[in-house]
Every structure is written in C-alpha cells, then in structure tokens.
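All values derive from a computational prediction rather than experimental measurement.
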Amino acid sequence: MKGELSNQNEHSAANCSKRENQYDLLRILCMAAVVFIHAVTSQKNQLQQFVLTLSGCAVPVFFMLSGAFTLGNKKILKNLKKYYLNKFYKIVLPTLIFSFLYILWEVFLKVRKEGFSCAGNFFFLLLEKWIATGIPGNGYHLWFMSVIIFFYAVAPLLVALKNYYKNIYIYIYITLYIVAFGQFYIFEISSPYYIRWIFYLPVIMTGDLVKEINKEHSNRFLFFTVLVFSIVLLTVEYLLKLELLQNSKNQFIYFLIHDGTRTNIVVDPETLQIFNLLFSVCIFYLFSNLQIKKNLLKLAEMSFYVYLIHYVLEGIVLALMMKANIKFNLGFHLDSFFGFFVRAILVLLLSCLGAFLILNIKNAFRKSFTEK
C-alpha cells in the first residue's frame with residue numbers, strides 16, 4: 001500500500017511539473033473577483049463600480065477555462081465512463097450537496113422568523129423552485145454550475161466534432177454565437193435554465209480557441225496590442241456605466257455626429273455586455289502567455305469550494321458587520337468603499353478557510369477509503 005501511495009505521489013508530482021500554472025493563477029484571481037462582485041452593495045459608488053467592472057470578466061473566464069481544458073483533451077473519448085464518473089464526483093455531487101444545504105439554510109432562516117409550522121411547505125416550495133430554475137434557495141450564484149454541468153454532459157460530442165468533423169464544429173461555433181446574440185440583444189427572450197446553457201456554449205468554446213491560437217501565434221507585439229486593447233475596453237465600459245448611473249436611468253443616449261447630422265444612439269446595461277465579453281477574452285489570452293513557475297495547484301483546487309460556500313458567508317458577514325457598527329458605534333457606512341472592501345476581504349478569507357477544511361475532510365475520507 002505504501003508503495004502504491006508513493007507511486008501516486010510521484011505521478012502527482014510529475015503532473016504538477018507539467019501544469020500550466022498561469023491558468024491556476026487566473027482561476028484563483030477570478031474566484032476572488034467573484035467574491036468581490038457579490039460584496040458590492042452600491043453600484044453608484046464609483047470605486048465599487050470600478051471593481052464590479054474589472055471583476056466582471058470572472059464568470060466568462062471561468063467558462064473559457066472549462067472549455068480550454070475539456071475541448072482540448074482528446075483523451076476523454078477513450079474512456080467515457082471514466083470521464084463522466086470523474087465529473088460526477090468532482091462537480092455534480094458537490095453541487096448537489098451544497099444546493100441542498102442552501103435550501104436547508106433558507107428554511108432555517110424562515111423558521112427563525114415564523115416558527116416550525118411553515119418549514120415543510122417552504123422546503124418543498126424551494127425544492128420545486130430548484131427543479132424549475134436551477135437555483136437552490138438563496139444560492140443564486142449556483143446558476144453557473146447548471147451551465148457547467150450541462151456543458152460537461154455534451155463535451156465529448158463537441159470534442160469528437162472538433163477532432164473528426166472540424167468544419168461542422170466551426171459552423172456550430174459561429175451559429176451558437178449568432179443565436180446567443182440574437183436571443184440576448186434582439187429578441188430579449190428569457191429562457192429556462194435547462195436551455196440557457198446553450199447560449200453560453202460559444203463562450204466556453206472560445207477558451208479552447210484562444211488557447212490554440214496562443215500556441216500557434218504567440219508574440220510580444222500581439223501580447224502588448226491585446227493588453228492596450230483590454231485597457232481601452234475596460235475604460236470605455238467603466239465610463240459608460242458611470243454615465244448611466246449618474247443619469248439615474250436604465251438607459252442613456254449619446255450622440256454620433258456623421259456628415260453634419262446627429263444620430264441618437266440608445267445604450268442600456270445589457271448592451272455593455274459585449275465590452276465585458278471582449279475584455280474577458282483579452283484577459284484569458286494575456287494570462288495564457290504568462291510563465292508562472294510557482295505551483296498553485298492547491299489554491300486552485302480550493303477555488304471551487306470557495307465558490308460554493310462564499311455566498312452564504314456574504315450574508316452572515318454583512319449581518320455581523322451591521323450589528324457591530326451599531327453596537328460599537330464604529331461610524332462607517334457599509335455602502336462606502338471601506339465597508340465594501342473590508343467585507344469582501346473577510347468573506348474571501350473565511351471562504352478560503354472553509355474550502356481548506358472541506359478539502360482536508362474530503363482527502364481524509366478518500367485516504368481512509370483507499371486504505372480499506
């Protein structure tokens with residue numbers, strides 16, 4: 001048994017040495033960005049709005065990371081049973097467990113207010129909502145996991161198309177983007193979660209495309225061009241959002257002068273998503289070019305569990321800070337940048353601690369099971 005464990009450790013060390021650590025760093029930073037996004041309490045605060053705009057790339061980048069390391073892996077076609085079991089234990093099972101815990105947490109909060117008499121009906125109501133929307137109780141952030149799970153379900157088909165029917169794969173990629181933008185910008189259809197994942201597929205597939213382009217066409221000029229372009233995109237999106245907020249409207253108008261005539265162009269918050277998507281692609285490309293020697297695997301593994309647990313900690317930390325502010329007369333506003341920053345850091349630290357404990361418990365169970 002010791003010999004087997006030793007071989008496993010050596011194999012793990014060899015895999016770590018081959019890891020592209022820049023993607024682990026990107027995953028860690030995006031996880032921190034998600035925590036900061038959910039800590040924002042006032043979009044009218046200019047500093048909070050800047051953090052929100054900068055961190056907005058986190059979710060698209062997570063999608064692209066999933067695509068880059070799944071669609072680029074032809075080996076999954078050799079053993080589909082192993083692939084699906086791996087995704088079930090690593091992704092689906094933890095998502096189901098934490099979804100159920102979020103439902104129980106909301107039931108607990110309801111019982112505290114109204115007593116045990118409402119617990120049963122409220123529990124089944126939340127269960128129905130989870131089945132219908134993919135959102136368990138107040139765990140709204142877990143919509144992301146439903147998209148990822150659906151993607152992993154069809155990923156082998158996409159890998160097969162990419163490797164054996166390249167033209168069809170490209171046509172599907174282009175068609176999905178057209179359909180997604182049409183649904184989002186033109187028809188403004190609110191689709192159910194079990195269909196919505198299709199509209200995120202092109203973003204996921206973009207991660208694999210950018211990773212391949214970087215391997216074949218990586219140079220300093222392109223890197224700095226993308227860097228400058230990303231700064232421009234971030235600045236434009238931020239300034240447009242500030243104008244939108246200052247006007248206190250859901251949409252605003254700016255003027256385009258052409259041939260002496262003035263054309264009114266209406267811009268709404270949804271339109272700015274295109275800036276966010278382009279900025280996200282740029283960030284993914286820039287990190288793809290980095291060379292990171294430091295092994296960040298353990299922190300990267302923690303990021304998944306930080307994501308799962310951080311949302312409930314946001315509410316707990318916010319409630320405790322409100323009570324502390326009143327009880328000790330601390331005199332700071334929770335909507336201020338200071339209040340926002342302190343809360344985000346506290347949630348991030350507590351989430352990391354929680355993720356660390358979960359991983360250790362998970363590894364202990366795995367070790368005891370292996371020894372048996």
Practice task
For side-chain contact (heavy atoms from CB on, under 4.5 Å), just list the numbers for Leu176 and Ile198, CA-CA rounded to whole Å, side-chain angles, deciding distance to a tenth of an Å, and then say yes or no.
Solution key: CA-CA 8 Å; Leu176 284 171; Ile198 297 173; 3.6 Å; yes
Would you check if [X] and [Y] make a side-chain contact, meaning some heavy-atom pair closer than 4.5 Å?
{"X": "Phe36", "Y": "Val40", "value": "no"}
{"X": "Val306", "Y": "Cys352", "value": "yes"}
{"X": "Val51", "Y": "Phe340", "value": "yes"}
{"X": "His310", "Y": "Leu348", "value": "no"}
{"X": "Lys129", "Y": "Leu125", "value": "no"}
{"X": "Met145", "Y": "Phe98", "value": "no"}
{"X": "Asp24", "Y": "Arg27", "value": "yes"}
{"X": "Leu71", "Y": "Tyr169", "value": "yes"}

Heavy-atom pair with the smallest gap, counting every atom of [X] and [Y]:
{"X": "Leu233", "Y": "Phe279", "answer": "CD1-N, 3.7 Å"}
{"X": "Cys57", "Y": "Asn276", "answer": "N-ND2, 3.5 Å"}
{"X": "Ile103", "Y": "Leu126", "answer": "O-CD1, 3.8 Å"}
{"X": "Ile76", "Y": "Thr70", "answer": "CD1-O, 4.2 Å"}
{"X": "Ser66", "Y": "Ile148", "answer": "OG-CD1, 3.5 Å"}
{"X": "Val61", "Y": "Ser280", "answer": "CG2-O, 3.7 Å"}

Practice task
Tell me, with the steps shown, if Phe151 and Leu158 meet side-chain contact (heavy atoms from CB on, under 4.5 Å).
Solution key: CA-CA 9 Å; Phe151 160 66; Leu158 292 173; 4.2 Å; yes
Assert yes or no for the condition that the ring centre distance of [X] to [Y] is strictly below 6.0 Å.
{"X": "Phe356", "Y": "Tyr305", "answer": "no"}
{"X": "Trp105", "Y": "Tyr102", "answer": "no"}
{"X": "Tyr173", "Y": "Tyr177", "answer": "yes"}
{"X": "Tyr84", "Y": "Tyr152", "answer": "no"}

Exercise for the section: Tell me whether Val228 is reachable from Phe221 by hopping between hydrophobic residues (I, L, V, M, F, W, Y) whose side-chain heavy atoms are closer than 4.5 Å. Expected result: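 Per the 4.5 Å side-chain linkage, Phe221 and Val228 are not co-clustered.
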Exercise for the section: Examine Val203 and Tyr171 and state if one hydrophobic cluster contains both, with Ile, Leu, Val, Met, Phe, Trp and Tyr joined whenever side-chain heavy atoms are less than 4.5 Å apart. Expected result: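 The answer is no; the residues belong to distinct hydrophobic clusters.
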Would the distance check show the side chain of [X] and the main-chain N or O of [Y] forming a donor-acceptor pair, the cut-off being under 3.5 Å?
{"X": "Ser230", "Y": "Leu227", "answer": "yes"}
{"X": "Ser303", "Y": "Ala300", "answer": "yes"}
{"X": "Asn363", "Y": "Leu359", "answer": "yes"}
{"X": "Tyr238", "Y": "Gln46", "answer": "yes"}
{"X": "Asn289", "Y": "Tyr285", "answer": "yes"}
{"X": "Asn214", "Y": "Val210", "answer": "no"}

Practice task
For the pair Trp143 and Tyr200, name the ring-plane relationship: parallel under 30°, tilted 30 to 60°, perpendicular over 60°.
Solution key: tilted
What is the distance from atom [atom1] of [X] to atom [atom2] of [Y], rounded to the nearest 0.5 Å?
{"X": "Lys90", "Y": "Thr95", "atom1": "NZ", "atom2": "OG1", "result": "13.5 Å"}
{"X": "Leu142", "Y": "Ser99", "atom1": "CG", "atom2": "OG", "result": "4.5 Å"}
{"X": "Phe50", "Y": "Leu239", "atom1": "CZ", "atom2": "CG", "result": "10.0 Å"}
{"X": "Ile316", "Y": "Glu314", "atom1": "CD1", "atom2": "CD", "result": "10.5 Å"}
{"X": "Thr53", "Y": "Ile37", "atom1": "OG1", "atom2": "CD1", "result": "9.5 Å"}
{"X": "Met64", "Y": "Leu26", "atom1": "CE", "atom2": "CG", "result": "8.5 Å"}

Problem - Derivation and outcome, side-chain contact (heavy atoms from CB on, under 4.5 Å), residues Tyr164 and Leu77 - result: CA-CA 12 Å; Tyr164 302 111; Leu77 298 176; 4.0 Å; yes
Handout entry: For Phe63, the option from Phe150, Phe144, Phe69, Phe284 that meets ring-ring contact (aromatic ring centres under 6.0 Å, His included)
Key =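 Looking at Phe150, Phe144, Phe69, Phe284, the match for Phe63 under the ring-ring contact (aromatic ring centres under 6.0 Å, His included) is Phe144.
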Electrostatic pair [X]:[Y] at N-O distance under 4.0 angstrom:
{"X": "Glu301", "Y": "Lys362", "answer": "no"}
{"X": "Glu106", "Y": "Lys110", "answer": "no"}
{"X": "Glu20", "Y": "Lys211", "answer": "yes"}

Handout entry: Intermediate values then yes/no, side-chain contact (heavy atoms from CB on, under 4.5 Å), Met302 and Ile358
Key = CA-CA 9 Å; Met302 284 172 55; Ile358 292 169; over 6 Å; no
Practice task
For Asn21 and Asn295, test the side chains for any donor-to-acceptor distance below 3.5 angstrom and give the result as yes or no.
Solution key: no
Exercise for the section: May I ask you to check whether His141 and His38 show a side-chain donor-acceptor distance below 3.5 Å? Expected result: no
Problem - CZ (Phe100) with more than 12 external heavy atoms under 6.0 Å - result: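 Not buried by this count: 12 neighbours or fewer within 6.0 Å.
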Practice task
Flag yes if more than 12 heavy atoms outside Phe122 fall under 6.0 Å of its CZ atom; otherwise flag no.
Solution key: yes
Problem - Chi angles and distances behind the side chain to side chain donor-acceptor pair (under 3.5 Å) call for Ser288, Tyr23 - result: CA-CA 7 Å; Ser288 298; Tyr23 294 111; 3.0 Å; yes
